[in-house]
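To start, the structure itself, in C-alpha cells.
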Amino acid sequence: MPELAEVAFYAQKWSPGLGQKVSKVWIDAQSRVFRGADLGAFADLSACEFRSIQTHGKRMLFGFSKGVWLSGHLGMTGKLSTEDPELRPFAKHDRLIITLESVELIFNDARHFGRMEVVEEASDLPTFWSKLPHDVRSDLFDLVYFKAHLSRRPRANVKALLLEQSVCPGIGNWMADEILWRARIDPRRTVGSLNRSEPSKFYQALCEVVEDAMRVIAPDWGDAPDSWLFNQRWKNGGVCPRTQKALTRETIAGRTTCWSPAWQK
DNA sequence: CTATTTGTTTATCC
DNA sequence: AGGATAAACAAATA
C-alpha cells in the first residue's frame, strides 16, 4: 500500500522511541522480510540508542548508536507502530519487535513483501543510502534533472517511467495516476510523444502531487480532498473531478490505471 | 471459488 | 538493449 507520504507517516510512528536504549530484539526468523539479510546482525541492535528516522522514496532508515542502522521497506502491507511493552500482546504478522525503555517498535507485515535489514557502518549515513537517486522531494530533483530522464527514455510509457524507483523514488500507483491526471496526459502515451510544453506540465504536476501528499497524508494520514482523483479512482461509477464525466480503468505498465478520457489527452 | 490489491524482482520474449 | 508482460512472493477482502 504505502507510497512516499504513507511511508513517511509510518516511519514517524517510531519517533516515540527516539533517545531510548534497545533492551531486546525479536525477529520472525522465517519471514521473507529478512531475505538476503544477516539475521545475526539484529542482535547487534541490543544496547544501542535509537537516534534517527529518515525516509527516501519508499525506503526507511533508522539510525542507532555504535554505527548500527536498520534499513526497511514496507512493501504492500507493511506497517510500523509503537506499543506499550506491558500491554500489547504479540500480534499476527508481527515480523520485528525492538523493545526500548518505555515502548516497543513493531514492524508488522501480512504479505512479507516488505524488507528489514541491519547495516553496520560507522559514518553519518550508510554508503548505499548516500548513493540513492534523487528523492522526488529533493531540490536536486529539478526540471532539468527530470527532463534529462525523459530524453533518455523516449520509448518508455509515461506511467511506467513514473513507477520506476530509480527515476521517481517514492511514486507509486495512486500518485502516478494522480500526476498524469493533473498534467492532463493520457497514461497510454510514451515519453517521446510529449510535445514541447508537456514535460514542464508533467514535472509541475509531479511536484504538486508530492507536496499535497506530504502535506495531507504524511503528518496524520488525513483524508484526500475531493478535488483529487484519489477519491474517485476505485469507486464504481467514479467520475473525473474536473469534467464530472466517467473514468476509465485499464492495466497499464502492469498496474490498474484510472484516468479521465475526456480530460487527459 | 473468483478476482482484486497504494510493491518489487526475476524470467522471458520481441 | 530497452521495453512489455507475466509470474512469483502471500494474505486479506469482497
Side-chain angles (χ1 to χ4, degrees), chain A residues 1-11 13 28-37 55-60 71-80 91-95 107-117 128 132-133 135-136 148-182 187-194 206 209-210 212-214 216-218 221-225 228-238 247-259:
Chain A
M1 283 166 67
E3 302 181 19
L4 184 79
E6 294 88 351
V7 171
F9 168 82
Y10 277 125
K13 285 275 184 179
D28 170 12
Q30 304 305 310
S31 175
R32 203 173 158 265
V33 302
F34 303 113
R35 58 196 177 281
T55 67
H56 180 106
K58 298 174 195 170
R59 295 169 182 265
M60 307 176 292
S71 157
H73 193 293
L74 297 172
M76 285 279 260
T77 51
K79 294 174 171 54
L80 302 186
K92 196 177 180 182
H93 309 316
D94 280 353
R95 307 302 176 196
F107 170 52
N108 182 287
D109 184 6
R111 291 170 73 179
H112 309 258
F113 291 179
R115 225 180 237 281
M116 281 287 174
E117 189 167 8
F128 88 91
L132 294 172
D135 184 276
V136 290
H149 273 300
L150 296 182
S151 55
R152 241 176 272 140
R153 306 285 302 285
R155 301 173 56 161
N157 165 272
V158 287
K159 173 142 177 181
L161 196 83
L162 283 172
L163 290 175
E164 269 185 52
Q165 299 303 294
S166 56
V167 178
C168 305
I171 304 300
N173 203 28
W174 81 255
M175 290 181 82
D177 283 1
E178 193 76 34
I179 290 162
L180 292 167
W181 176 71
R182 294 203 199 181
R188 294 167 297 185
R189 289 175 62 190
T190 61
V191 169
S193 78
L194 298 177
L206 186 152
V209 171
V210 165
D212 286 355
M214 289 303 296
V216 173
I217 297 168
W221 206 307
D223 291 334
W228 299 6
L229 179 64
F230 190 95
N231 291 328
Q232 298 292 324
R233 52 177 282 122
W234 294 125
K235 216 190 271 181
N236 268 335
L247 296 168
T248 298
R249 272 180 238 151
E250 193 179 303
T251 299
I252 297 168
R255 309 297 300 281
T256 301
T257 299
C258 175
W259 78 99

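Labels below follow one simple rule: chain letters A, B, ... track the order of the sequence lines, proteins then strands, and each chain is numbered from 1.
Toward the 5′ end of DNA chain B lies the nearest nucleotide of A:Glu6, the other residue of the pair A:Glu6 and A:Arg59 mapping further downstream.
The CD atom of A:Glu117 sits 10.5 Å away from the CZ atom of A:Phe34 when rounded to the nearest 0.5 Å. Atom CZ of residue A:Phe9 and atom CG of residue A:Leu4 lie 14.0 Å apart, to the nearest 0.5 angstrom.
Within 4.0 Å of A:Gly75, counting heavy atoms only, lie sugar-phosphate atoms of the nucleic acid but no base atom. A:Thr77 comes within contact range of no nucleotide atom at all, as no heavy-atom separation falls under 4.0 Å.
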Can you tabulate the close N/O pairs, meaning under 3.5 Å, that link protein atoms to atoms of nucleotides 12-14 of chain C?
| unit_1 | atom_1 | unit_2 | atom_2 | d |
| --- | --- | --- | --- | --- |
| C:dA12 | OP1 | A:Lys92 | NZ | 3.0 |
| C:dA12 | OP1 | A:His93 | NE2 | 3.0 |

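In this view, A:Pro187 and A:Leu180, A:Ile252, A:Thr257, A:Trp259, A:Gln264 satisfy the side chain to side chain contact (heavy atoms under 4.5 Å, CB included) rule, not counting sequence neighbours. Listed by chain and number, the residues in a side chain to side chain contact (heavy atoms under 4.5 Å, CB included) with A:Arg249 are A:Trp234, A:Asn236, A:Thr256, A:Cys258 (sequence neighbours excluded). In this structure, the salt bridge (Lys or Arg N to Asp or Glu O under 4.0 Å) partners of A:Asp94, at least two apart in sequence or on a different chain, are A:Arg88. Residues meeting the side chain to side chain contact (heavy atoms under 4.5 Å, CB included) test with A:Phe113, sequence neighbours left out: A:Arg32, A:Met76, A:Arg111. Under the salt bridge (Lys or Arg N to Asp or Glu O under 4.0 Å) criterion, A:Arg188 pairs with A:Asp186, sequence neighbours left out. Evaluation of the salt bridge (Lys or Arg N to Asp or Glu O under 4.0 Å) rule for A:Asp109 yields no partner, not counting sequence neighbours. With sequence neighbours excluded, the residues forming a side chain to side chain contact (heavy atoms under 4.5 Å, CB included) with A:Val216 are A:Trp228, listed by chain and number.
Checked against a 6.0 Å centroid threshold, the rings of A:Trp181 and A:Phe230 do not count as neighbours.
Using a cut-off of 4.0 Å between Lys/Arg side-chain N and Asp/Glu carboxylate O, A:Glu164 and A:Arg153 are scored as salt-bridged. A salt bridge links A:Asp177 with A:Lys159; the closest basic N to acidic carboxylate O contact falls under 4.0 Å.
Shown here for A:Ala253 and A:Asn157, the closest heavy-atom pair between the two residues is CB-OD1, 4.3 Å. Closest approach of A:Asn231 to A:Pro225, counting heavy atoms only: ND2-O, 3.3 Å.
At whole-Å resolution of the value, CG in A:Asp28 and C1' in C:dA10 are 13 Å apart. The interatomic distance linking A:Phe113 (CZ) with C:dA10 (C1') rounds to 5 Å, in whole Å. The CZ atom of A:Arg35 sits 11 Å away from the C1' atom of C:dA10 (whole-angstrom rounding).
Side-chain atoms of A:Glu3 never come within 3.5 Å of backbone atoms of A:Ala176 as a donor-acceptor pair (strictly under, hydrogens ignored).
Within 6.0 Å of CZ in A:Arg233 there are more than 12 heavy atoms belonging to other residues, nucleotides or ligands.
On the nucleic acid side, DNA chain B contacts chain A at distances under 4.0 Å to non-hydrogen atoms, with the end points of that region at B:dT5 to B:dT8.
Of all the residues in residues 160-182 of chain A, A:Gln165, A:Gly172, A:Asn173, A:Trp174 reach under 4.0 Å from DNA chain B with at least one non-hydrogen atom. Taken residue by residue, residues 149-156 of chain A places heavy atoms nearer than 4.0 Å to DNA chain C at A:Arg153, A:Arg155, A:Ala156.
For the P atom pair drawn from C:dA7 and B:dT2, the interatomic distance equals 16 Å after rounding to whole Å. To the nearest whole angstrom, the two C1' atoms, one in B:dT6 and one in C:dG3, are 24 Å apart.
Taken together, the paired segments of DNA chain B that extend over three or more consecutive Watson-Crick or G-U pairs, each closer than 3.5 Å at both contacts, are B:2-5 with C:11-14, B:7-14 with C:2-9.
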